[in-house]
Amino acid sequence: MSDVIPTDFKDLLETTTVATLATVMPDGSPQATPVWFGFNGTHIEVNTAKGRAKDENMRRNPRVAVTVVDPKNPYRYLEVRGRVAEITEDGADDNIDALAKRYLNEDKYPYRVPDEVRVIFRIAPEHTTTMG
């Protein structure tokens, strides 16, 4: 597991709560999006469709922040700041289906758009802020 993330907050990375992903727009302004996410023990993984704002922002500027609020206590949260360490389409379709199973109990991601290309962004944690 990533040693940047405090042990007593790692449980938040296993919840099915939606995280907020913050990226940087071309003009330098912040852009925040609620996202499903996973944690592979080293990286926070976010899956999106190619061409969306968060996809283009992370390709251009890999600095991001991910905030997860405890669904049982809104005053407890984990903010992870880091960088995109890997961008891949390999396994992205299976990954979004696994997230749909985790979040919706659906075997297949039900919101797929024809011809969309799914992408996984693996975020390497560099700094955390916690509360609660």
Side-chain angles (χ1 to χ4, degrees):
M1 286 229 174
S2 175
D3 58 356
V4 174
I5 300 168
T7 302
D8 53 340
F9 283 84
K10 288 182 179 175
D11 64 299
L12 294 179
L13 298 176
E14 298 171 3
T15 66
T16 55
T17 192
V18 173
T20 301
L21 171 70
T23 64
V24 181
M25 295 294 289
D27 67 0
S29 63
Q31 186 263 346
T33 307
V35 294
W36 292 348
F37 70 95
F39 183 65
N40 68 12
T42 303
H43 298 101
I44 294 173
E45 297 181 331
V46 174
N47 187 311
T48 190
K50 197 171 191 177
R52 291 189 179 159
K54 59 186 163 285
D55 169 66
E56 292 178 358
N57 289 346
M58 289 188 287
R59 288 176 190 274
R60 187 187 60 264
N61 184 339
R63 295 177 300 163
V64 299
V66 177
T67 302
V68 182
V69 177
D70 187 335
K72 297 175 186 168
N73 177 0
Y75 301 104
R76 179 175 180 255
Y77 71 86
L78 168 68
E79 179 215 24
V80 177
R81 281 181 263 157
R83 292 184 180 271
V84 174
E86 182 181 0
I87 303 169
T88 185
E89 295 173 20
D90 292 340
D93 289 330
D94 290 339
N95 177 264
I96 195 63
D97 289 339
L99 288 170
K101 186 66 171 176
R102 177 179 167 186
Y103 281 88
L104 302 174
N105 200 29
E106 297 275 344
D107 291 330
K108 291 283 187 185
Y109 178 62
Y111 308 115
R112 188 173 307 272
V113 175
D115 300 323
E116 78 179 0
V117 175
R118 301 302 304 189
V119 183
I120 301 170
F121 289 84
R122 293 193 174 102
I123 300 163
E126 296 177 347
H127 175 81
T128 60
T129 303
T130 61
M131 181 177 181

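This is a predicted model, so every value here is computed, not measured.
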* To do: Take Asn61 and Thr23, measure what side chain to side chain contact (heavy atoms under 4.5 Å, CB included) needs, and give me the verdict at the end.
  => CA-CA 8 Å; Asn61 184 339; Thr23 64; over 6 Å; no

* Asked: In terms of hydrophobic clusters joined by side-chain contacts under 4.5 Å, are Val18 and Tyr111 together?
  -> yes

* Asked: In terms of hydrophobic clustering (I, L, V, M, F, W, Y; side-chain heavy atoms under 4.5 Å; direct or indirect links), are Ile5 and Tyr77 co-clustered?
  -> no

* **ILVMFWY cluster, Val46 and Ile120 together (side-chain gap under 4.5 Å)** => no

* Structure fact -> In terms of heavy-atom contacts, Tyr109 and Glu116 come closest through CE2-OE2, 4.1 Å

* For Ala92, does its backbone N or O pair with a side-chain atom of Asn47 as donor and acceptor, under 3.5 Å? -> yes

* Look up atom CD1 in Ile87 and atom CG in Asp55, then write down how far apart they are to the nearest 0.5 Å. => 7.5 Å

* Asked: Looking at side-chain heavy atoms only, is the closest gap between Thr33 and Arg52 below 4.5 Å?
  -> no

* same_hphob_cluster(Leu21, Tyr103) at 4.5 Å side-chain heavy-atom cutoff -> yes

* Could you grab the distance from atom CG of Leu104 to atom OG1 of Thr16, nearest 0.5 Å is fine? => 10.0 Å

* Can you tell me how far the CH2 atom of Trp36 sits from the OG1 atom of Thr48, to the nearest 0.5 Å? -> 11.5 Å

* Structure fact -> In this structure, OG1 of Thr88 is separated from CG of Asn95 (nearest 0.5 Å) by 10.0 Å

* To do: May I have the step-by-step check of side chain to side chain contact (heavy atoms under 4.5 Å, CB included) for Lys101 and Asp107, ending in yes or no?
  => CA-CA 5 Å; Lys101 186 66 171 176; Asp107 291 330; 3.1 Å; yes

* How close do Val68 and Phe37 get, heavy atom to heavy atom, and via which atoms? -> CG2-CZ, 3.9 Å

* Considering non-hydrogen atoms only, spot the tightest contact between Ala53 and Gln31 and give its length. => CB-NE2, 4.3 Å

* Does a salt bridge link Asp97 with Arg112, judged by any charged N lying under 4.0 Å from a carboxylate O? -> yes

* For Glu89 and Val119, what are the C-alpha separation, side-chain angles and deciding distance, and is it a side chain to side chain contact (heavy atoms under 4.5 Å, CB included)? -> CA-CA 5 Å; Glu89 295 173 20; Val119 183; 4.1 Å; yes

* Asked: Closest approach of Val4 and Pro125, non-hydrogen atoms and distance?
  -> CG2-O, 3.7 Å

* Row check, Phe121 ring normal vs Arg59 NZ/CZ: under 6.0 Å, within 45° -> no

* If every non-hydrogen atom of Val24 is compared with every non-hydrogen atom of Arg63, which pair is closest and at what distance? -> CG2-O, 4.2 Å

* List the atom of Ala65, the atom of Glu79, and the distance in Å for their closest heavy-atom pair. => CB-OE2, 4.1 Å

* **Verify same cluster id: Val69, Ile123 (apolar side-chain graph, 4.5 Å)** => no

* Asked: What's the spacing between Glu56 CD and Met25 CE if we round to 0.5 Å?
  -> 8.5 Å

* To do: Determine whether more than 12 heavy atoms belonging to other residues, nucleotides or ligands lie under 6.0 Å from atom CG of Asp27.
  => yes

* Asked: How far does CG of Asn73 sit from CE of Met131, to the nearest 0.5 angstrom?
  -> 9.0 Å

* Under 4.0 Å between a Lys/Arg side-chain N and an Asp/Glu carboxylate O for Asp11 and Arg76? -> yes

* Does the pair Arg122/Glu45 count as a salt bridge with the N-to-O cut at 4.0 Å? -> yes

* **Evaluation steps, side chain to side chain contact (heavy atoms under 4.5 Å, CB included), between Phe9 and Asp70** => CA-CA 9 Å; Phe9 283 84; Asp70 187 335; over 6 Å; no

